[in-house]
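Working notes for the structure below.
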Amino acid sequence: MDFGFGSVSKYTTIAIVLVILLSWSNFTSTEAYDPLDPNGNITIKWDIMNWTPDGYVAVVTMYNFQQYRHIQAPGWSLGWTWAKKEVIWAMIGGQTTEQGDCSRFKGNIPHCCKKDPTVVDLLPGTPYNLQIANCCKGGVINSWVQDPATAASSFQVSVGQAGTTNKTVRVPKNFTLKAPGPGYTCGPAKVGKSTKFYAQDGRRVTQAMMTWNVTCTYSQFLAQKTPTCCVSLSSFYNDTIVPCPTCTCGCQNNSTQPGSCVDPKSPYLASVVSSPSKNNYAPLVQCTSHMCPIRIHWHVKLNYKEYWRVKVTITNFNYRMNYTQWNLVIQHPNFDNLTQLFSFMYKPLTPYAAINDTAMLWGVKFYNDLLMQAGPLGNVQSELLFQKDTSTFTFEKGWAFPRRIYFNGDNCVMPPPDAYPFLPNTSSRQKISLLRLMMALLLSLAFFVACV
Ligand SMILES: *[C@@H]1O[C@H](CO)[C@@H](O)[C@H](O)[C@H]1NC(C)=O
Ligand SMILES: *[C@@H]1O[C@H](CO)[C@@H](O)[C@H](O)[C@H]1NC(C)=O
Ligand SMILES: *[C@@H]1O[C@H](CO)[C@@H](O)[C@H](O)[C@H]1NC(C)=O
Ligand SMILES: *[C@@H]1O[C@H](CO)[C@@H](O)[C@H](O)[C@H]1NC(C)=O
Ligand SMILES: *[C@@H]1O[C@H](CO)[C@@H](O)[C@H](O)[C@H]1NC(C)=O
Ligand SMILES: *[C@@H]1O[C@H](CO)[C@@H](O)[C@H](O)[C@H]1NC(C)=O
Ligand SMILES: *[C@@H]1O[C@H](CO)[C@@H](O)[C@H](O)[C@H]1NC(C)=O
Ligand SMILES: *[C@@H]1O[C@H](CO)[C@@H](O)[C@H](O)[C@H]1NC(C)=O
Ligand SMILES: *[C@@H]1O[C@H](CO)[C@@H](O)[C@H](O)[C@H]1NC(C)=O
Ligand SMILES: *[C@@H]1O[C@H](CO)[C@@H](O)[C@H](O)[C@H]1NC(C)=O
């Protein structure tokens, strides 16, 4: 190898940048917030609509202020602990999962006497007299970007044995939100300005007697989920298809867990598909080497003079799930010059105003917003056309592949970078290994300095 000092310093600079980037990305993965949606939260607002002889009636609304994370079936459940001896006389648009011990009541029996009630949404088709606006969707809430009109969920609660003025009422404590699993942490309730309600004709404004709200944030770290999706790659310039890493979401083990996955040719499949169990949400996946319910395939399809084209395919391997309102978040440096996109909806996400490298993609309503269960119809696809920026564009070193992909807010596992298809007849290998060497050197140097 012959390189002058000039190129060494260039590689050193790149290596330093890489080390910083790598440590940054490792760091953020355990943060309690999402770097691609730093302000994302679910806000739960309690509006006391009127006082009653022994308490109040409140409308509780959950707003999903997250850009791309939604709540899918079987939906949310919301718990809290009463500050005093409150009971719930009645509910509309929701119900508690348990009544608890109401034996001290005679005649009029409360809906729930538990100190720590858990509320769930009612199902679609609930009788009208038990409905309020934004209720009864089985606990499903859309993401803010995809459809703000369906990004909220409400229920009404009549509380007894509670304070009856804004001086004596006590806010509930210890809110817990499951969606449906763990992942959210909720802060304390904060009493704020009373909500104002505007009449539809705009001629009258009313307001709540009292309002408090609770903010819940999601952390992938807390959710501690095993991966649910993976990424595979291919390109026109190399016929290798890089598959999802083996055992990404589980391992196929016929001896210890027969039936953990389904062979598409097995007769058992017919019985699974013909009688989908309504309340079983545990995935039942097609047998693959990765065992993930969802695979995203990124294919670098064509190279034009000024543009290049990518095909993205999402495949559902789960026989038990139709994904409604699915979404993808993809990070790639060329998204600042996305020129055309076919058959998906698109919105750029710019969590850091200066960097425009992240896109949110989702299905077109009534066309492909439903990703059907595993089988011949279980996939959706799109093509993206990017304009090349000659100063950065290259097919080398895996540049044309995405940096990170989320499906429904869950991080999808990528193949290791050294497995990416590469251009034939280039010195990219050499450069990469040189970079590696530099990085290793730098890391050990940094370690040495830190130790001293
Ligand atoms: C929650 O999200 C809303 C909407 O983006 C934002 O106005 C609010 O400040 C956020 N709350 C917190 C505590 O981050
Ligand atoms: C409580 O009610 C009084 C009037 O009755 C009002 O002045 C005060 O602002 C209210 N406080 C809160 C926190 O709503
Ligand atoms: C808060 O709720 C959780 C789950 O319901 C429970 O485990 C915990 O003990 C509660 N903490 C307090 C202080 O009530
Ligand atoms: C929640 O309450 C806090 C404190 O009153 C207020 O600053 C914030 O704007 C409220 N958030 C929402 C979404 O109503
Ligand atoms: C399957 O499970 C058995 C028993 O736990 C183990 O010995 C074997 O290595 C596993 N096979 C694979 C392919 O993971
Ligand atoms: C499990 O069985 C399938 C087909 O029956 C086979 O293709 C696969 O290799 C087997 N896996 C293991 C780990 O033995
Ligand atoms: C998915 O949707 C199709 C068509 O609406 C339906 O036949 C099928 O039972 C659904 N599958 C599941 C698992 O809900
Ligand atoms: C980001 O790039 C897209 C695609 O070129 C463009 O439509 C959008 O306006 C850009 N957004 C910002 C904030 O620069
Ligand atoms: C790509 O997008 C950036 C930022 O939007 C813009 O400054 C640049 O001129 C674009 N490049 C091309 C080749 O369109
Ligand atoms: C395609 O990429 C793979 C690495 O993923 C490499 O092993 C192979 O040699 C490449 N093919 C050609 C023709 O360069």
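In what follows, every heavy atom counts, from backbone to side chain, and hydrogens, waters and symmetry copies are set aside.
- Cys412 has its SG atom within less than 2.5 Å of the SG atom of Cys229.
- Two residues are said to be in side-chain contact when any heavy atoms from C-beta on lie closer than 4.5 Å; Gln146 and Lys347 fail this criterion.
- In this structure, Leu302 places its CG atom where more than 12 heavy-atom neighbours from other residues, nucleotides or ligands lie under 6.0 Å away.
- Under a 3.5 Å cut-off, the side chain of His332 and the backbone N or O of Trp399 do form a donor-acceptor pair.
- When atom types are taken as modelled, the side chain of Tyr352 and the backbone of Pro35 share a donor-acceptor pair closer than 3.5 angstrom.
- Here the side chains of Gln252 and Cys261 are in contact, with some heavy-atom distance below 4.5 Å.
- Between the side chains of His299 and Thr313, not a single donor N or O lies within less than 3.5 Å of an accepting N or O.
- Nearest approach of Lys173 to Ala83, heavy atoms of both residues: CE-CA, 4.5 Å.
- In summary, the side chains of Asn318 and Gln373 do not present any donor paired with an acceptor at a separation below 3.5 Å, with no hydrogens or angles considered.
- If you take CE on Met345 and CG on Leu328, they are separated by 14.0 Å, rounding to the nearest 0.5 Å.
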Exercise for the section: For ring-ring contact (aromatic ring centres under 6.0 Å, His included), just list the numbers for Phe422 and Tyr237, CA-CA rounded to whole Å, side-chain angles, deciding distance to a tenth of an Å, and then say yes or no. Expected result: CA-CA 8 Å; Phe422 53 73; Tyr237 53 77; 9.1 Å; no
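- Between the side chain of Asp37 and the backbone N or O of Gln67, at least one donor-acceptor pair lies under 3.5 Å.
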Could you pull out all donor-acceptor pairs under 3.5 Å where a side-chain atom in residues 125-141 meets a protein atom, sequence neighbours excluded?
unit_1	atom_1	unit_2	atom_2	d
Thr126	OG1	Leu123	O	2.6
Gln131	NE2	Thr126	O	2.6
Lys137	NZ	Ala152	O	3.0

Handout entry: Worked verdict on Thr324 versus Asp369 for side-chain contact (heavy atoms from CB on, under 4.5 Å)
Key = CA-CA 6 Å; Thr324 55; Asp369 61 336; over 6 Å; no
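- Trp144 approaches Ala151 most closely through the heavy-atom pair CE3-CB, 3.6 Å.
- Counting heavy atoms from C-beta outward, Ile44 and Asn213 have side chains that stay 4.5 Å or more apart.
- Taken to the nearest 0.5 Å, the CD atom of Gln156 stands 10.5 Å off from the OG1 atom of Thr61.
- When atom types are taken as modelled, the side chain of Thr394 and the backbone of Glu396 share a donor-acceptor pair closer than 3.5 angstrom.
- Here the side chain of Thr339 pairs a donor or acceptor atom with the backbone of Asn337 at under 3.5 angstrom.
- In this structure, the side chains of Val329 and Leu36 come closer than 4.5 Å at one or more pairs of heavy atoms.
- Although no hydrogens or angles enter the test, the distance criterion places a donor-acceptor pair under 3.5 Å between the side chain of Lys115 and the main chain of Trp82.
- Residues Arg295 and Ile314 have side chains not in contact (no heavy-atom distance under 4.5 Å, counting atoms from C-beta outward).
- If you check the side chains of Gln72 and Asn408, you find a donor sitting under 3.5 Å from an acceptor.
- A donor-acceptor pair under 3.5 Å is absent between the side-chain atoms of Trp46 and the main chain of Val191, judged by distance alone.
- In summary, the side chains of Trp308 and Asn334 do present a donor paired with an acceptor at a separation below 3.5 Å, with no hydrogens or angles considered.
- Side chains of Asp47 and Thr211: a donor-acceptor N/O pair is present below 3.5 angstrom, by distance only.
- Considering OH of Tyr184 and CG of Asn41, their distance stands at 9.5 Å, rounded to 0.5 Å.
- Closest heavy-atom contact between Trp326 and Leu370: NE1-N, 4.1 Å.
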Exercise for the section: Please assess Asn64 against Asn142 for the test side-chain contact (heavy atoms from CB on, under 4.5 Å), listing each intermediate value before the final yes or no. Expected result: CA-CA 7 Å; Asn64 183 11; Asn142 220 326; over 6 Å; no
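- Of all non-hydrogen atoms in Cys287 and Asp263, the two that sit nearest each other are SG-N, 3.8 Å.
- Atoms CZ and OG1, on Arg404 and Thr358 in that order, are 7.5 Å from each other to the nearest 0.5 Å.
- Looking at Pro117 and Leu78, their side chains never come closer than 4.5 Å, going by heavy atoms from C-beta outward.
- Relative orientation of the Phe65 and Tyr63 rings is parallel, given thresholds of 30° and 60° on the angle between their planes.
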Problem - ring-ring contact (aromatic ring centres under 6.0 Å, His included) between Phe395 and Phe236, intermediate numbers included - result: CA-CA 11 Å; Phe395 281 125; Phe236 68 86; 5.3 Å; yes
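- Counting only distance, with no hydrogens or angles, the side chain of Ser219 and the backbone of Phe221 share a donor-acceptor pair below 3.5 Å.
- A distance of 10.0 Å separates CG of Leu341 from CG of Leu385, quoted to the nearest 0.5 Å.
- With respect to Glu306 and Lys388, no salt bridge is recorded, no charged nitrogen being found less than 4.0 Å from a carboxylate O.
- Closest heavy-atom contact between Asn379 and Pro376: ND2-O, 3.7 Å.
- Side-chain contact between Asn368 and Ser343 is present, with heavy atoms from C-beta onward closer than 4.5 Å.
- Side-chain atoms of Asn238 do not come within 3.5 Å of backbone N or O of Ser235 as any donor-acceptor pair.
- Cysteines Cys249 and Cys230 are not disulfide-linked, with SG atoms at least 2.5 angstrom from each other.
- Side-chain polar atoms of Thr195 and Lys45 form a donor-acceptor pair below 3.5 angstrom.
- Judged by distance alone, the side chains of Thr150 and Asp147 do bring a donor and an acceptor atom under 3.5 Å apart.
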Practice task
For side-chain contact (heavy atoms from CB on, under 4.5 Å), just list the numbers for Ile405 and Gln331, CA-CA rounded to whole Å, side-chain angles, deciding distance to a tenth of an Å, and then say yes or no.
Solution key: CA-CA 6 Å; Ile405 296 190; Gln331 198 176 19; over 6 Å; no
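- Between the SG atom of Cys292 and the CG atom of Asn316 there is a distance of 11.5 Å, given to the nearest 0.5 Å.
- In this structure, Val119 and Met91 have side chains that are in contact, with non-hydrogen atoms separated by less than 4.5 Å.
- Across Phe342 and Ser382, no two heavy atoms sit closer than the pair O-OG, 2.7 Å.
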Exercise for the section: Test Thr96 against Ile88 for side-chain contact (heavy atoms from CB on, under 4.5 Å), laying out the working first. Expected result: CA-CA 9 Å; Thr96 63; Ile88 299 175; 3.8 Å; yes
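- With Asp116 contributing its side chain and Trp80 its backbone, the two residues share no donor-acceptor pair below 3.5 Å.
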